[in-house]
Amino acid sequence: MTELFRNAYMGWADYKGSGKMAGLLLIALVFLWFTGKAKEQRGFLLYAAVSAACCILPVTAVPLMLYQTRFYDYEWIWTIVPLTGAAAYGFAVFLAGQWERGDRESRRRALGATALLVLAMGLCGSLGGDAEGRARENAERKEAYAVVGMLSQRYPGEELCLLAPRNILEYAREADGRIRLVYGRNLWDESLNAYAYDTYDEKALLLYRWMDWVEQSAGVWMPEEDREEMFDTLEERTKDAAAMGVNCFLFPAGVPSEMTERMESALGTSALTLGDYIVFTLF
């Protein structure tokens with residue numbers, strides 16, 4: 001139980017640290033209640049205030065975390081809070097009061113208030129990761145778009161079923177919806193599954209682990225036992241991937257030369273360099 005309370009406390013600290021939208025909600029609620037402008041949507045705003053308080057206070061956040069099960073992290077309990085709707089309603093009421101007068105001086109003040117509010121909302125950021133995390137995600141998305149674009153140009157009209165490093169697969173279908181995948185983000189991020197029992201079969205899991213080793217082999221160092229198993233299972237994993245429909249293998253260009261040679265032998269095809277990646281195709 002102590003661990004649950006600690007998780008609830010730390011979860012709220014992380015949640016408000018990654019974005020200030022929860023703070024905007026509280027500001028909007030305070031403005032509406034203390035100016036008497038919450039009467040028309042009293043029930044909705046009361047629910048928003050109570051649900052937000054339940055998520056913030058550890059003593060009430062813990063039961064919510066238990067109800068949603070340990071499968072989900074703390075931030076998911078905030079899905080019960082109409083955060084965007086309540087904050088937007090409060091800001092709309094505030095701006096309506098600023099713009100209700102028609103004289104030029106009032107409009108000038110209202111314009112300034114609107115600009116400051118929009119600026120404040122922009123500075124508050126999102127409820128996603130921190131700035132460093134978002135920068136990394138943007139860089140990975142940009143790289144994935146570039147690689148998928150090169151694949152589409154190189155093989156126009158081909159129906160690609162792609163096996164690639166995780167950072168490429170994460171954005172591959174976002175970049176080109178025609179590309180098929182043998183597994184997607186919900187394999188390594190189980191929270192994306194509709195149900196807890198939505199899982200991949202053993203072959204897909206083994207293939208994912210093997211691709212993780214392939215990525216490691218392109219780096220500076222990897223455990224020797226992993227390297228040995230990667231090479232020992234190369235033909236088997238390649239055969240499984242082809243049976244699952246994969247016709248395009250994308251490896252980092254830094255993989256060992258032995259890996260390239262054995263892939264060419266296993267697939268009966270030649271490797272093609274595409275930017276910082278090596279491509280093997282079955283068509």
Self-check item: The single option from L25, I56, V50 passing side chain to side chain contact (heavy atoms under 4.5 Å, CB included) against V81
Solution: L25

Quiz item: Would L206 end up clustered with Y183 when hydrophobic side chains under 4.5 Å apart are linked, directly or stepwise?
Solution: no

Quiz item: Is the ring centre of F251 less than 6.0 Å from the ring centre of F280?
Solution: yes

Exercise. Assess whether side chain to side chain contact (heavy atoms under 4.5 Å, CB included) is satisfied between Y171 and V148, documenting all intermediate values.
Key: CA-CA 9 Å; Y171 305 104; V148 170; over 6 Å; no

Quiz item: Partners of D176 by side-chain hydrogen bond (donor to acceptor under 3.5 Å, both in side chains), sequence neighbours excluded?
Solution: S152, R178

Quiz prompt | Side-chain heavy atoms of P82 within contact of S51, under 4.5 Å | solution = yes

For residues 255-265, run the donor-acceptor check on the side chains, cut-off 3.5 Å, and write out each pair with its distance to 0.1 Å, sequence neighbours left out.
from, atom 1, to, atom 2, distance (Å)
R262, NE, E235, OE2, 3.4
R262, NH1, F231, O, 3.4
R262, NH2, F231, O, 2.8
R262, NH2, E235, OE1, 2.9
R262, NH2, E235, OE2, 3.2
E264, OE2, A271, N, 2.8

Quiz item: Between D240 and R237, is there a salt bridge with N-O shorter than 4.0 Å?
Solution: yes

Practice problem: Check step by step if side chain to side chain contact (heavy atoms under 4.5 Å, CB included) holds for L282 and F249. | Solution: CA-CA 9 Å; L282 293 177; F249 297 78; 4.0 Å; yes

Quiz item: Does atom CD of E225 have more than 12 heavy-atom neighbours, drawn from other residues, nucleotides or ligands, at distances under 6.0 Å?
Solution: yes

Please list, one pair per line, the donor and acceptor atoms closer than 3.5 Å that link side chains of residues 158-169 to other protein atoms, with sequence neighbours excluded.
from, atom 1, to, atom 2, distance (Å)
E159, OE2, R180, NE, 3.0
R166, NH1, Y208, OH, 3.1
N167, ND2, E143, OE1, 3.4

Quiz item: Does the pair E170/R141 count as a salt bridge with the N-to-O cut at 4.0 Å?
Solution: no

